[in-house]
Amino acid sequence: MTAPSAPIPDRYDPGTVEARWYPEWERRGYFGADPRSPRKPFSIVIPPPNVTGSLHMGHALNNTLQDVLIRMKRMDGFNALWVPGTDHAGIATQVVIERQLAAEGKTKEDVGREAFVERVWRWKEESGGIIIRQLKRLGASCDWSRERFTMDAGLSRAVREVFVRLWEDGLVYRDDYIVNWCPRCQTVLSDLEVEREERDAEFVYIKYGPLTLGTVRPETKLGDTALAVHPGDRRYAAWVGQELDVPSVEGTIRLRVVADEAVDPEFGTGVVKVTPGHDPVDFEIGRRHHLPVRTVIGFDGRMTAAAGKYAGLDRFECRRRIVEDLRRLGLIERIEPYRHAVGVCYRCKTVVEPLVSKQWYVNVKPLAEPASAAVRQGRIRIIPRSWTRTYHHWMDNIRPWCISRQLWWGHRIPAWYCDRDGEVYVSRDDLTTCPKCGGALRQDTDVLDTWFSSALWPFSTLGWPDRTADLETFYPTSVLVTGFDILFFWVARMAMMGLRFMGDVPFRDVYIHALVRDAEGQKMSKSKGNVIDPLVMMDRYGTDAFRFTLVALAAQGRDIRLAEDRIEGYRNFANKIWNAARLVLANLDGYDARAAARAPRGLPDRWIVSRLAATTGLVRAHLRRYRFNDAASAVYQFLWHEFCDWYLEMAKVALYRADDPAARLRTQHTLVTVLETTLRLLHPFMPFITEELWQRLPRGDRAPASIMIAAYPRASRRQQDRDAERDMAVVMEVVTAIRAIRGEMRIAPGVTLAATLRPGGDHQALLARAAPLVEALARCRLTVDPRGIRPPASALAVVGPSELYVELAGVVDLEAERGRLDKELQRVAESIAFLEAKLARPDFTARAPAAVVDRERERLAAERARRDKLA
RNA sequence: AGGCUCGUAGCUCAGUGGGAGAGCGCCUCUCUGACGCAGAGGAGGUCGGCGGUUCGAAACCGCCCGAGCCUACCA
């Protein structure tokens, strides 16, 4: 692509630039990685967004951070791979298609399983790629040739392989267990899929024969098979082991009293009714005491035949009826209002019903131990560290993972049942006839939890179970970038599966980023209507500004409150860069890189090169530590407040004066090289504008064709120039002093001031040389004179050992100058008092490090000198 | 109940042991030949409170107050 030669507009227009470059990068294959490359690998797998998803702020932040890392590493010479893909998202996707069917007046049962699944696939092919296009809009430099989907043939094979091996090792099993059942979604939910919600309820105290107990679920009374008390509870010790005849809503029932640690004697009356069929705790108590399970609520949320005259009633309706009936029978002692957390389905918020049913489980305990150890031993680093505690806490208390789901969309469980001999066969290949008796087999109708396939993502996407070159090169991946909300769902399980099946951790670093909230700190949600749409922001301010905002706000361990004016601020930053480049490009006539490199460098040149080297070092150091916000602000600060505010202003002096062609040439050279380097430094954060401007700058013949594949800047020690930084500090201080006088005396910017500088110490040569710079930047005529005396009507400023007099006669009256000097004197006096007091304390001089004491002594001396001059 | 995070300028937030910072907003000035999406200058803070450690604390420790999040089987 040739550099556009059209005149450059004075405002940066992101739209056209972004539309031009992304397809071009993709076309040239810059995103692709080669497993045979000799370069050091650096790999990231994307947290796969749901196929049904549309880009939200969480995605935007997550993928921007990954793109910053991958672009930086790619430029830095690594064999960088970013694997993209999407997740089939079981329930979420199935719901989308069910809604479509509902609109046609059909249910999934009407069309049948096969046709339904086919329809989901069709939908996926047609409209499942929205989020992928949106990621491209964000500039994500993923290797799209490696795009994966969790239900791809390859990944499905990996899922089966893992399932079968875990089965063979006895870690996958079926069990009758109490599960979280959503009566609306008609499926089991894992513990992680159950959310807690505070709800108001009634705490009903019911008489159970001679005992009384409180419950919030009177309807489960019909499923009671025992009463329980704490083993140490003296009040009830006599009853333990006895059988009680308890009058109830349907005659008298007989209940045993058991003693169990799970009962809290302090709560309620200290007596619990035990309903193993409808409560997880009761289920455990039941197992310990061999109590029968009685199921009185069905999968549809209605009372079963076992509920007798209540059969067919909705569970909540039944609750009301039972309370009525109990009251009529005089069995209710009292009712108290009670607020407590109930479990609800994470998708539809229906109250979850604990039910006993046969489900598939993974015994994750043996997998959790190595995964826990990997973090403890530092083979996986979690950043920020504070999350390791949470990780371990969960791992240490991990419970069996229920992996079967009663859905149609997902990886079907590879288990077959023979009705004739009652056997279960788990197999890598589809089975049709029983290997033993030759009878017909039917496959389990359930599918696997979506997170089962996600857990394999880091190696399944690279070709496992085959031993591929990709796996060899890119596993373990370098870093995983994700939000804390899926630390357990996903990160922990990947750690377990990776260690189990690859024998190594799936990633070396886990960077956990914050949640993006609105400006008020509220979680963004559709129902609250406070959602900021990333696509709208990108349209309005440009992708680069949007990305930079996210990065600049991404401080570790803290949620991001996103306010739109912040994005606007970085839009202005993009425009600033654009215009800085325009200035440079407009002044390159006669530029000859080779000749320019030989011209002697002036102070501003040495200074800005030194500052750039320092900035480069900072950005690299911050990125290495995942301090994204610090890295961003380092470039921002340099580019705007050092390069634009100071260097460009100084460059104009050399650029616009015809009397020193060598200086002009040299300045052109510094402008070009510093800007070019800074663009490379900034590219991972703002990929589009940097490419566009970089293409317009003059480059050598051997330069790469794109900034994307140019080298990431390195800080060289040779470029650091302490003398230049120190000298420039003096010049800047003089300029600032004159400007401050102008501002505080309210002298119009257009007035040229007359100033005299009496240099002290070693300032004379420096200031004599820098006088033209000062004159230009501070709009004054400057006389540097070692024997200069302060004119009668003048403002005084002290710069280190030097004195500065700005003549005010005829410009302004001197009243204000007195005030200004008084203020300055007062500040100096306070400073001296502070330092004197500090240095007078023997404990300080004796115990503080010598360097600190010396520094304070120097400060004091400097302040005293300043005071003497001012006085 | 346990765990975690946060409380710094009007707002959003940096700042993990040596005299309080940035961006936005606010005030004054500027139609200076890159940029008004700009430039120059300025006002504004007992760093939530109380103790402690230290020569020295916004930072480290304890308690309290306030905000939020995560985990959890008090029915």
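So that the names make sense, note that chain A is the first sequence line, chain B the second, and so on, each numbered from 1.
The partner of B/U71, taking Watson-Crick or G-U wobble pairs whose two distances both stay under 3.5 Å, is B/A1. Nucleotide B/G44 forms no Watson-Crick or G-U wobble pair with any nucleotide shown, as no partner meets the under 3.5 Å limit on both distances. B/C31 is unpaired under the Watson-Crick or G-U wobble criterion, no partner having all donor-acceptor distances under 3.5 Å. In this structure, B/C60 and B/G52 make a Watson-Crick or G-U wobble pair, each of the two defining distances being under 3.5 angstrom. In this entry B/C6 has B/G66 as its Watson-Crick or G-U wobble partner, both defining distances falling under 3.5 Å.
Which of B/G33, B/A14, B/C55 sits closest to the side chain of A/Asp630 comes down to B/A14. Here the nucleotide nearest the side chain of A/Phe267, chosen from B/G18, B/A75, B/G33, is B/A75. Of all nucleotides listed (B/G19, B/A43, B/C37), B/A43 comes nearest to the side chain of A/Lys823. Considering only side-chain atoms of A/Asn579, the nucleotide from B/A34, B/G3, B/A38 that sits closest is B/A34. The side chain of A/Phe834 approaches B/G19 more closely than any other nucleotide in the set B/A34, B/C69, B/G19. Closest contact between the side chain of A/Arg399 and the listed nucleotides B/A75, B/C73, B/A38 involves B/C73. Among the nucleotides B/U32, B/G19, B/C74, the one closest to any side-chain atom of A/Arg855 is B/G19. Distance from the side chain of A/Trp640 is smallest to B/A38 among B/A75, B/G3, B/A38. Out of B/C35, B/G42, B/U71, the shortest distance to the side chain of A/Asp10 is found at B/C35. Proximity note for A/Asp264 (side chain, C-beta onward) versus B/A34, B/A75, B/G3: the nearest is B/A75.
When all heavy atoms of A/Ala748 and A/Arg742 are compared, the pair lying nearest together is O-NH1, 2.9 Å.
The base of B/G19 sits within donor-acceptor range of the side chain of A/Arg859, with an N or O pair under 3.5 Å. Side-chain to base pairing of A/Thr736 with B/G41: no donor and acceptor N or O lie closer than 3.5 Å to each other. The base of B/A40 has none of its N or O atoms less than 3.5 Å from a complementary donor or acceptor on the side chain of A/Glu744.
No aromatic stack links A/Phe844 and the base of B/G56, using centre distance under 5.5 Å and interplanar angle under 30°.
The ring of A/Phe688 has its center no closer than 6.0 angstrom to the ring center of A/Tyr12. Aromatic ring centres of A/Phe628 and A/Phe685: separated by at least 6.0 Å.
More than 12 heavy-atom neighbours from other residues, nucleotides or ligands sit within 6.0 angstrom of CZ on A/Arg288. Atom NE2 of A/His393 is surrounded by 12 or fewer heavy atoms from other residues, nucleotides or ligands within 6.0 Å.
Remark: A/Asn397 is not in phosphate contact with B/A72, judged by side-chain N or O atoms under 4.0 Å from OP1 or OP2. Contact check, A/Tyr391 against B/C4: no side-chain N or O comes under 4.0 Å of OP1 or OP2. Side-chain N/O atoms of A/Arg746 include none lying less than 4.0 angstrom from OP1 or OP2 on B/C29. For the pair A/His641 and B/G23, the criterion of a side-chain N or O lying under 4.0 Å from OP1 or OP2 is met. One finds no side-chain N or O of A/Lys652 lying less than 4.0 angstrom from the OP1 or OP2 phosphate oxygen of B/U32. Listed pair A/Arg582 / B/A34 fails the phosphate criterion, with no side-chain N or O lying under 4.0 Å from OP1 or OP2. Phosphate contact (OP1/OP2 of B/G15, side-chain N/O of A/Arg627, threshold under 4.0 Å): present. Between A/Lys273 and B/C74, a side-chain N or O to OP1/OP2 separation shorter than 4.0 Å is absent. Contact between the side-chain N/O atoms of A/Arg742 and the OP1/OP2 oxygens of B/A40 is not found at any separation under 4.0 Å.
Across the protein-nucleic acid pair, A/Phe573 atom CZ and B/C37 atom P stand 18 Å apart, rounded to whole Å. Counting to the nearest Å, the C1' atom of B/A14 and the CZ atom of A/Arg566 are 9 Å from each other. For the pair A/Asp645 CG and B/A34 P, the computed distance is 14 Å after rounding to whole Å. When rounded to the nearest whole Å, the span between CZ of A/Arg196 and P of B/G3 equals 19 Å. Rounded to whole Å, atom C1' of B/A20 lies 15 Å from atom CD of A/Glu830.
Nucleotides B/A20 and B/A59, compared at atom P, are 13 Å apart to the nearest Å.
Aromatic ring orientation, A/Phe643 versus A/Tyr647: parallel (interplanar angle below 30°, classes split at 30° and 60°). Ring planes of A/Phe488 and A/Trp394: parallel class, angle under 30° (limits at 30 and 60°).
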**Message:** Go through it in stages, so that I can follow the logic: the residues are A/His392 and A/Asp396, the test is side-chain hydrogen bond (donor to acceptor under 3.5 Å, both in side chains), and I'd like the CA-CA distance, side-chain angles, deciding distance and then a yes or no.
**Reply:** CA-CA 6 Å; A/His392 286 302; A/Asp396 294 345; 5.1 Å; no

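Residue A/Leu487 is out of contact with every strand shown, counting any heavy-atom pair closer than 4.0 Å.
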